[in-house]
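Here is the structure we will look at.
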Number of protein chains: 2
Amino acid sequence: MDPEKEITIYDIAKKLNISAATVSRGLMDHPSVNINTKQKVVEAAQEMGYRSNHLASNLRKKKSNIIGIIVGNLNSSFMSNVIAGVEKVLSEAGYNLIISQSLDSVAKEVNIAQAMYNNRVDGLMVSLAYETENADHFESFVKRGIPLVYFDRVWPHPKCPGIEIDNVKASYHITDHLIKQGCKRIAHITAFRLSSVAADRYKGYEQALIDNNLRVEEDLILRTQLTLKAGIEAAHTILAMAKRPDGVFVTNDACAVSCMQELKRHGIRIPDDIAFAGFNNDTEASIIEPNLTTVNYKGYDMGEVAAKILINRLNNSENVSPADNKLIQKSELVIRDSSLKKK
Amino acid sequence: MDPEKEITIYDIAKKLNISAATVSRGLMDHPSVNINTKQKVVEAAQEMGYRSNHLASNLRKKKSNIIGIIVGNLNSSFMSNVIAGVEKVLSEAGYNLIISQSLDSVAKEVNIAQAMYNNRVDGLMVSLAYETENADHFESFVKRGIPLVYFDRVWPHPKCPGIEIDNVKASYHITDHLIKQGCKRIAHITAFRLSSVAADRYKGYEQALIDNNLRVEEDLILRTQLTLKAGIEAAHTILAMAKRPDGVFVTNDACAVSCMQELKRHGIRIPDDIAFAGFNNDTEASIIEPNLTTVNYKGYDMGEVAAKILINRLNNSENVSPADNKLIQKSELVIRDSSLKKK
DNA sequence: TTGAAAGCGCTAACAA
DNA sequence: TTGTTAGCGCTTTCAA
């Protein structure tokens, strides 16, 4: 037999002297197909080296069986955990995953959205690019009724669930913890452009200060890129301050860790001179000395939850309870030595 | 206009009073189409909200435009960097990426391979599951002439390029470095089942000992799962040794770091009592104190290279130079404090 | 330069 | 339970 030739259901049909429709039914476990026929079909398919042509069945069914996922950047431990969780759920549900990264550029995000739309993904999961300030480029999906789920960096939309953690609350707690440890002047390293995530964390920080009768000082708000490099620069800014802070709350761990390292290099004692807290509970947080107090939330779980919600929408496109529209994943404060001042 | 209805080339054809074939040509920049016709087509498409149906054109062209990638686990910083590199190259070349993880199980890898085959991916990139001991389940791709490229955990195959680093050489160098620092008894933390990667690193370690007239002692070879937990257990094994090693070379950084932490907790001084070296240059390596000596090689670059090779094969399926069959990515020794004994 | 027509391989309504 | 038939929307030969 020519190994190059693809076997189709017609080949099987001819061989068994039945119709292609029956072969198709046999192959897809159709309820009304004779059990014997089915077995014959499956055996013949196996023997002849048949492989189903998803391209054709997708066209016929007008379903691609593909879910798209758009993220800012794949190479963070948080995001790869999200993807791992998503991939697990989707593959169990029989869907394929197409992944694209916007590299945190809005322009690229728009292009990707268009490409995914043309590729006819059955559903879409999005964590917005850092820069993104509106979600118009995803409206085409909403209009066509293609399920769209946001996670982590979400966009509020009545028809699109958003899975995130309560950033305000978590950052309120961690700031409050620093205050309880005796910090009076707490600096906050945040982002230049306030994404919803950064904005919420800022809000929690601010509220905690206010509730504890501490002043919110503009000088103590450091707006950065939140990169490793930015952490080092922030350290220098802090070192240069006439009146240094006695605590620092950083919007992410990576930046917190690099800032701590640089301060330590300049003789600052942590937590005695300056207490530190981060956000994310990345691996680094439990390696840096002293270990970093942070907020833990699991990317893997978030990915799982987001994917399950999407699958759910895919299965009952109508029955969309508005209740699951905004989903808060739990997060927890992880207290480590970087914030524990000896009393 | 009914927003639910998908516009097809027939709708455009009817509106412009031309044939669907011409519309198709206009849309895809066919050389023999009148420039004016083309413009009219494009305008009408735009105006009517047309989106091309890749499902249909894929079926017709018998090309899915999809590249599959199978990895053991997505959530490592190395692998997410690889994916990031791959995604960049493939998206620039107009391909979509479908990602699956075998979770290092052979059974799952076999299933995924089958699914990708049925999904008619145009090409496949594979980093083998940890357990995998043969690559028969990928033979169907080879037989059909579907380009297959291995990376990192490769399988030697005359028709499938493998992109990897020279693990033997790198681990030889790092072991030699430990010896030059004065280590006489160097333990090696490796894997239970020797994947090609672990086996090669073991080989380099062994050769370096032999070349320096040191004995290879079976007691100093610790076979583990290479996880964080395994690192802690290895630390206890080392602590319990009658005659402890004065150096440890671990097959990956994560395990090295957790082992170091545990040893430090038990009062071992690094590098004075025991010098350490890892492999991968993960973030943790430059956070742990003392910073970990390791081997650096970039996942992002490896992903880029592997994807480019695949694209290349896709474009000239015949013209496959055997020269690019085994590709060695460069790697470099990164010497840090964990291995520098004061003389 | 354009059109007519066939068909990629499958599924689903309908009929038998 | 099975077969007939008609497409899904596109691309591509062939002829005009």
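Letters A, B, ... mirror the listed sequences (proteins, then strands); counts begin at 1.
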> Distance-only, no hydrogens or angles: does the Asn119(A) side chain make a donor-acceptor pair with backbone N or O of Val121(A) under 3.5 Å?
Replying inline: no
> Within the distance-only criterion (no hydrogens, no angle test), does the side chain of Arg25(B) pair as donor or acceptor with the backbone N or O of Lys38(B) below 3.5 angstrom?
Replying inline: no
Provide, to the nearest angstrom, the distance between the [atom1] atom belonging to [X] and the [atom2] atom belonging to [N].
| X | N | atom1 | atom2 | answer |
| --- | --- | --- | --- | --- |
| Ile9(B) | dA5(C) | CD1 | P | 16 Å |
| Asn36(A) | dT2(D) | CG | C1' | 14 Å |
| Ile7(A) | dC8(C) | CD1 | P | 14 Å |
| Lys38(B) | dT2(C) | NZ | C1' | 17 Å |
| Leu59(B) | dC10(C) | CG | C1' | 8 Å |

>> Among residues 21-29 of chain A, which ones have heavy-atom contacts with DNA chain C below 4.0 Å?
In response: Ala21(A), Ser24(A), Arg25(A), Met28(A)
> So which nucleotide from dC10(D), dC8(D), dC10(C) ends up closest to the side chain of Tyr50(A)?
Replying inline: dC10(C)
> Which nucleotide sits closest to the side chain of Thr8(A): dT2(C), dC10(D), dG9(C)?
Replying inline: dG9(C)
> Looking only at side-chain N and O atoms, does Lys62(A) come under 4.0 Å of OP1 or OP2 in dG9(D)?
Replying inline: yes
> Can you tell me if the side-chain N/O atoms of Thr37(A) get under 4.0 Å from OP1 or OP2 in dT2(D)?
Replying inline: yes
> Does the side chain of Ile99(B) come within less than 4.5 Å of Ile83(A)'s, by heavy atoms?
Replying inline: no
>> So for Tyr10(B) and dC10(D), does any side-chain atom that can act as donor or acceptor lie under 3.5 Å from a complementary atom in the base?
In response: yes
> Base, sugar-phosphate, or nothing: which does Ser57(B) touch, judged by heavy atoms less than 4.0 Å apart?
Replying inline: sugar-phosphate
> To the nearest 0.5 Å, what is the distance between CE (Met116(B)) and CD1 (Ile66(B))?
Replying inline: 9.5 Å
> About how many Å separate CG of Asn65(A) and CG of Asn58(A), when rounded to the nearest 0.5 Å?
Replying inline: 6.0 Å
> How do Val33(B) and Leu55(A) order along DNA chain C: which one's closest nucleotide is nearer the 5' end?
Replying inline: Val33(B)
>> Under the side chain to side chain contact (heavy atoms under 4.5 Å, CB included) test against Pro147(B), which residue among Asp122(B), Leu124(B), Leu310(B) passes?
In response: Leu310(B)
